[in-house]
Asks: 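Below are the structure tokens for one structure; questions will follow.
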There are 2 protein chains.
Amino acid sequence: MPAEKQPIPSVWARPRPKREQPSLSRDRIVSEAIKLLDAEGIDALSMRSLGARLSAGATSLYRHVANKDELIELVVDEIYGEVRVPAADPARWRAAVTETAHSLRSMVLRHPWVVSVLGQVGLAYLGPNLMRQSERMLALFKAAGFAVDEADQVMNLLIAYVIGMTTSEAAYLSVLARSGQNEQDWLESLRPTAEQALQEYPLLRDGRAAEQTKDPGQIRAESFVYGVERILDGLETRLGRTSAR
Amino acid sequence: MPAEKQPIPSVWARPRPKREQPSLSRDRIVSEAIKLLDAEGIDALSMRSLGARLSAGATSLYRHVANKDELIELVVDEIYGEVRVPAADPARWRAAVTETAHSLRSMVLRHPWVVSVLGQVGLAYLGPNLMRQSERMLALFKAAGFAVDEADQVMNLLIAYVIGMTTSEAAYLSVLARSGQNEQDWLESLRPTAEQALQEYPLLRDGRAAEQTKDPGQIRAESFVYGVERILDGLETRLGRTSAR
DNA sequence: CGCACGCTGCGAACGTCGTACGCTACCATG
DNA sequence: CATGGTAGCGTACGACGTTCGCAGCGTGCG
């Protein structure tokens, strides 16, 4: 149906809402991708859906990002920037490391989808945020008394633990979120299977039984700090040994 | 070109290579999937390619496996069975834990693709191999003197560390493998970028410089055992404190 | 002995994905 | 005004996971 020949001046009075500034940009894409991932998880991130959120075509994104893998690298480095690493201070290095561990953990829990792309992002080695944070963490351990080479190993230890521990938490949360609205039902549905299987394994059964009374989230948090404490203990005895030598 | 009308008795002498036994089975599918994954990595695993390897149609697999996610769960639990956990023995618990850690690490390095599915396998909670191995590990820590509840936390700590640490190793290896035949070229290609970026970060730079002289694989292995040692130190001081109390 | 049923495998098809390619409209520069 | 570079987009291709209905085969019942 052709429109009538009347001019529509209210629209044509402003003939250029067109190219005020390049409406798409790498930053806008990355930050919108993070919003989408936080809201709907990893499966919901496709170039088309992301483009739609930016009211753009899917393929327009390729002007700013080489491909989806690169986008994910950018996204991962971006959220890595959210981690808060305190300034180095020999007097309270143990507290500072603990704070860092918690900050890293809560970052991952804020963005649980990262754990499903960890293996694919071989690099991000060069991400600016990752480098900046690593530098700060190394400073932490240097202040504690470790030599530079050893500080590197200690940092690897801490990050490996926190990532590994939080991965299992985040994976759990992801499955809960993906399994739909009511987690409770789903958990209950596979409880009989689990309980039957546990019969054969007394230690496993007793451990789970002890946990039964508490809040799952609480348990995970306690287990997390327990591990951090043990690691810090190990580091302190190491420091004691080397300085006594 | 139609074949000549000659009978080919050597073939038709055995007119029933047809349904000897159900040529497809869950076990065959899982083990072939592992072979495919080991050989060509995670991206090469599709229902079609896996079906082809079993000289079957892609959709035939769905008779034995609900969907690809379930297949991956099965595969992950299967390789978890390769881990060797020594029998519990109070006299040498530290050695036993170390052996377990190494066995877990080498399992992941044998199957580097697991790290790219870790986040997606929320469950496998119920996999029989995972349960069996967990039980054995708990026994290890119980023998060391930990109460059952605490043994659970200790196990989580160790597994988290090993998985986290090995994830970064495996991701590195995966990228190398995926980037094609000559790792060296690819590494060299991004070295200038890396070195320029490192200028801003003295600690990071010094650490990498110290590593420059050694073999990368060697470094990772040393870093791994360093972490295990620190964790074991931490566990021992914990045991000392609780038994002294 | 015959026949109906259940199970295994498969071909075709659907919807979705990442992304290569070439076109248009705009802007900045000569 | 001509020119070239750049941002955005429509179309299209090949691969993917998965659904569905059909075809063979073996088994057990009448």
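Below, read A as the first sequence line, B as the second, and so on, with proteins coming before strands; counting in each chain starts at 1.
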Asks: Calculate the interatomic distance between A:Lys68 atom NZ and C:dA20 atom P; express it in whole Å.
Replies: 14 Å
Asks: Side-chain contact, heavy-atom cut-off 4.5 Å: B:Leu104 with B:Leu158?
Replies: no
Asks: Side chain of B:Arg63 only, please: which of C:dG9, D:dT19, C:dC23 is the nearest?
Replies: C:dG9
Asks: From the list D:dG17, C:dC17, C:dG9, which nucleotide is the closest neighbour of the side chain of B:Ser46?
Replies: D:dG17
Asks: State, with a plain yes or no, whether a side-chain heavy atom of B:Asp77 is found less than 4.5 Å away from one of B:Pro128.
Replies: yes
Asks: Which residue in the set B:Met47, B:Glu32, B:Arg26 passes side-chain contact (heavy atoms from CB on, under 4.5 Å) when paired with B:Leu61?
Replies: B:Met47
Asks: Rounded to whole angstrom units, what separation is found between the CG atom of A:Leu50 and the P atom of D:dG8?
Replies: 13 Å
Asks: Checking contacts here: which listed nucleotide (C:dG18, C:dC10, D:dG17) is nearest the side-chain heavy atoms of B:Ser60?
Replies: C:dC10
Asks: Can you confirm whether B:Met137 sits close enough to B:Ile159 that some side-chain heavy atom of one is under 4.5 Å from a side-chain heavy atom of the other?
Replies: yes
Asks: In whole angstrom, what separates A:Ile42's CD1 from C:dC17's P?
Replies: 13 Å
Asks: Report the distance from atom CG of B:Asp43 to atom C1' of C:dT19, rounded to the nearest whole Å.
Replies: 15 Å
Asks: More 5' along DNA chain D: A:Arg48 or A:Ala56, using each one's nearest nucleotide?
Replies: A:Ala56
Asks: Is atom CD of A:Gln196 surrounded by more than 12 heavy atoms (other residues, nucleotides or ligands) closer than 6.0 Å?
Replies: no
Asks: Using the six-membered ring wherever Trp is involved, compare the ring planes of A:Phe224 and A:Tyr161 and label them parallel, tilted or perpendicular (cut-offs 30° and 60°).
Replies: parallel
Asks: When the distance from CG of A:Asp69 to P of C:dT19 is rounded to whole Å, what number comes out?
Replies: 7 Å
Asks: Nearest to the B:Thr59 side chain among D:dT18, C:dG22, C:dT19, which nucleotide is it?
Replies: D:dT18
Asks: May I have the distance from A:Leu24 (atom CG) to C:dC26 (atom P), rounded to whole angstrom?
Replies: 17 Å
Asks: Rounding to a whole Å, what distance do you find between A:Tyr62:OH and D:dG8:P?
Replies: 15 Å
Asks: State, yes or no, whether a side-chain contact exists between B:Ser103 and B:Glu82 at a heavy-atom distance under 4.5 Å.
Replies: no
Asks: In residues 29-40 of chain A, which ones come under 4.0 Å of DNA chain D, going by heavy atoms?
Replies: none
Asks: Is any side-chain nitrogen or oxygen of A:His64 closer than 4.0 Å to OP1 or OP2 of D:dT6?
Replies: no
Asks: In this structure, how many angstroms lie between the P atom of C:dG18 and the CG atom of A:Leu71, rounded?
Replies: 10 Å
